[in-house]
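Read through the structure below, which is laid out as structure tokens, and then see the notes.
Values in this document were obtained by computation on a predicted structure and should not be read as measured data.
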Amino acid sequence: MVLFNKDNMEKVKEIIRPSFRLVRDGEHYDYHSKILHIISPIIAKEYKMEEPRLVYERLFKKEDDAYSRNRGFEETKDIQIANKKRDEFFVFIKRTIENMRFHPDPTIKAYWQGLYEGLDPYKNAHRANAIENTSLVFSFIEEMSQEKYQEILKKLDLLLVIDKLKEANNKCNQLYGERLNEKRKRYKEDKMRKIRPQIDDAFFELIKFINAIYLVSYQISKEEQVIQEIGELIDKINLCTKSMQDSIVKRRQDVKIGK
């Protein structure tokens, strides 16, 4: 989102304030996990916003507890097999991307940095607990579906493997869902219902801080480095918001057409 300066009509960036009303628990968890990765502790320290970020992070850890631990289930043999198959596909893709930096073909090697940055937030997905693993893999697949990655993924023969990973992850998600205990599910939903608004409020406070830093730098202090760094931060957060909103729109459209 941008604001317009009346004097020179230049675009002033601003973080969009999303609505979380139609956001599912998994989408909510995934969104705030990404935002905390974008607004890193290093950035928070550099721009003196450690306290609001710490409040936000502490509340998210409560959501992590409610969303992950309380969705525990007894792993059956079919779940173990499905989980192992999913992790094998993911690790194969991960290792292929990591090894690109040593590729003898300079054309392929040149793509390594961008592709690795896309992998980086999710590189330890296979080490996470079962539910978080599934959520991270969903996000990784979504990241890799972007147009900027398609050419190199095709050259590396990874598009088919990513399709297999998606299929395996969907299977895990289905088996986990079938295995959830209804009592635990109700407990988790109750906890999530209480904690989600608190996390959203902490997030809104933090983005107000970021928007203020950008606006002051843009309109008053004219600090180019701050404008660039915070501007890029704003763009990344808005991209996450758009992705979440697009998922909601697609889900509602699928319901209408009976998918």
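- Annotation for Pro18 and Met244: closest pair CB-CE, 4.0 Å, computed over non-hydrogen atoms.
- Pairing each heavy atom of Ile39 with each of Ile237, the nearest pair is CD1-CD1, 3.8 Å.
- Each ring pair (Phe, Tyr, Trp, His ring centres under 6.0 Å) pair with one or both residues in residues 137-166, not counting sequence neighbours, appears once here: Phe90-Phe140.
- When hydrophobic clusters are built by joining Ile, Leu, Val, Met, Phe, Trp and Tyr residues whose side-chain heavy atoms come closer than 4.5 Å, directly or via intermediates, Phe204 is grouped together with Ile234.
- Closest heavy-atom contact between Lys171 and Ala82: CG-CB, 4.3 Å.
- Remark: Phe92 pairs with no residue by the ring-ring contact (aromatic ring centres under 6.0 Å, His included) rule, at least two apart or across chains.
- Screening Ile207, Asp201, Asp200 for a side chain to side chain contact (heavy atoms under 4.5 Å, CB included) with Phe203, the sole residue that qualifies is Ile207.
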Item to check | Pair Ile162-Lys166, side-chain contact (heavy atoms from CB on, under 4.5 Å): steps then yes or no | outcome: CA-CA 6 Å; Ile162 288 176; Lys166 183 177 181 179; 5.6 Å; no
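- For the pair Lys61 and Asp65, the salt-bridge criterion is not met [side-chain N within less than 4.0 Å of a carboxylate O].
- A donor-acceptor contact closer than 3.5 angstrom links the side chains of Ser139 and Asp30.
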Checklist entry - Going through the checks in order, is the side-chain contact (heavy atoms from CB on, under 4.5 Å) test met by Arg24 and Ile248? => result CA-CA 9 Å; Arg24 290 177 174 174; Ile248 295 169; over 6 Å; no
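- Residues passing the salt bridge (Lys or Arg N to Asp or Glu O under 4.0 Å) test with Glu143: none are found, sequence neighbours excluded.
- Cluster membership for Leu165 and Ile79, using ILVMFWY side-chain heavy atoms within less than 4.5 angstrom, is not shared.
- Applying the side-chain contact (heavy atoms from CB on, under 4.5 Å) rule to Val55 yields the partners Leu59, Ala202; only residues at least two apart in sequence or on another chain are considered.
- Between Glu27 and Ser247 the shortest side-chain heavy-atom distance falls below 4.5 Å.
- Proximity of a side-chain donor or acceptor of Gln198 to a complementary backbone N or O of Ile195 within less than 3.5 Å is not detected.
- Interatomic distance, Ser33 OG to Leu136 CG, rounded to the nearest 0.5 Å: 6.0 Å.
- Val12 and Gln219 get closest at one heavy-atom pair: CG2-NE2, 4.3 Å.
- Tyr176 and Asn83 share a side-chain donor-acceptor pair at under 3.5 Å.
- Every side-chain contact (heavy atoms from CB on, under 4.5 Å) that Arg127 has, sequence neighbours left out, goes to Lys94, Asn124.
- Checking each of His32, Glu51, Glu205 against Tyr56 for a side chain to side chain donor-acceptor pair (under 3.5 Å) leaves exactly one that passes, namely His32.
- The side-chain heavy atoms of Asn238 and Glu14, taken from C-beta on, include no pair separated by under 4.5 Å.
- Linking ILVMFWY residues whenever their side-chain heavy atoms come closer than 4.5 Å, directly or via other members, places Tyr122 and Tyr111 in the same cluster.
- Put simply, the side chain of Leu206 does not reach to within 4.5 Å of the side chain of Ile35, judged on heavy atoms.
- No donor-acceptor contact under 3.5 angstrom links the side chains of Tyr31 and Ser243, judged on distance only.
- Put simply, the side chain of Ile81 reaches to within 4.5 Å of the side chain of Lys77, judged on heavy atoms.
- Judged purely by atom type and a 3.5 angstrom limit, Asp64 has no side-chain atom pairing as donor or acceptor with the backbone of Phe60.
- Partners of Lys236 under the salt bridge (Lys or Arg N to Asp or Glu O under 4.0 Å) rule, at least two apart in sequence or in another chain, do not exist in this structure.
- Under the 4.5 Å side-chain criterion, counting only non-hydrogen atoms from C-beta, Val23 is in contact with Arg196.
- With Arg17 contributing its side chain and Lys208 its backbone, the two residues share no donor-acceptor pair below 3.5 Å.
- Separation of atoms CG (Leu215) and CD1 (Ile210) is listed at 13.5 Å; rounding is to 0.5 Å.
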Checklist entry - Under the side-chain contact (heavy atoms from CB on, under 4.5 Å) criterion, do Lys222 and Ser217 qualify, and how do the steps go? => result CA-CA 5 Å; Lys222 310 294 183 182; Ser217 298; over 6 Å; no
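- Every residue two or more places apart in sequence or in another chain that forms a salt bridge (Lys or Arg N to Asp or Glu O under 4.0 Å) with Lys242 is listed here: Asp246.
- Val216 and Val226 are assigned to two separate hydrophobic clusters, defined by single-linkage of ILVMFWY side chains at heavy-atom distances under 4.5 Å.
- Sorted by first and then second residue, the salt bridge (charged side-chain N to carboxylate O under 4.0 Å, His left out) pairs with a member in residues 145-165 read Glu151-Lys155; sequence neighbours excluded.
- Distance check: Asn169 CG to Ile141 CD1 gives 5.0 Å after rounding to the nearest 0.5 Å.
- At distances below 3.5 Å, not a single donor-acceptor pair connects side-chain atoms of Lys62 with backbone N or O atoms of Arg58.
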Distance-only donor-acceptor hits, side chain of residues 43-50, under 3.5 Å, sequence neighbours excluded:
residue: Tyr47; atom: OH; partner: Glu229; partner atom: OE1; Å: 2.4

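- Residues Tyr29 and Ser135 share a closest heavy-atom pair of CD2-OG, 4.2 Å.
- Looking at residues two or more places apart in sequence or on another chain, you find a side-chain contact (heavy atoms from CB on, under 4.5 Å) between Glu232 and Gln228.
- Checked by atom type, the side-chain pair His28/Glu63 shows a donor-acceptor distance below 3.5 Å.
- A pairwise comparison of heavy atoms in Leu119 and Met144 identifies N-CE, 4.2 Å as the closest pair.
- Residues satisfying the salt bridge (Lys or Arg N to Asp or Glu O under 4.0 Å) criterion with Arg86, sequence neighbours excluded, are absent altogether.
- Separating the CD1 atom in Ile38 from the SG atom in Cys240 is a distance of 3.5 Å, to the nearest 0.5 Å.
- Atom CD1 of Ile213 sits about 10.5 Å away from atom OG of Ser221, to the nearest 0.5 Å.
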Report all side-chain donor-acceptor pairs from residues 98-110 shorter than 3.5 Å, counting only partners two or more places apart or in another chain.
residue: Asn99; atom: ND2; partner: Arg95; partner atom: O; Å: 3.1
residue: His103; atom: ND1; partner: Asp105; partner atom: N; Å: 3.0
residue: Asp105; atom: OD1; partner: Thr107; partner atom: N; Å: 2.9
residue: Asp105; atom: OD1; partner: Thr107; partner atom: OG1; Å: 3.4

Item to check | Working for side-chain contact (heavy atoms from CB on, under 4.5 Å), residues Tyr116 and Lys123 | outcome: CA-CA 9 Å; Tyr116 185 78; Lys123 63 183 179 183; 3.4 Å; yes
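- Looking only at atom types and distance, the side chain of Asp87 has a donor-acceptor partner in the side chain of Asn133 under 3.5 Å away.
- Residue Ile15 holds its CD1 atom at 4.5 Å from CG of Asn211, rounded to the nearest 0.5 Å.
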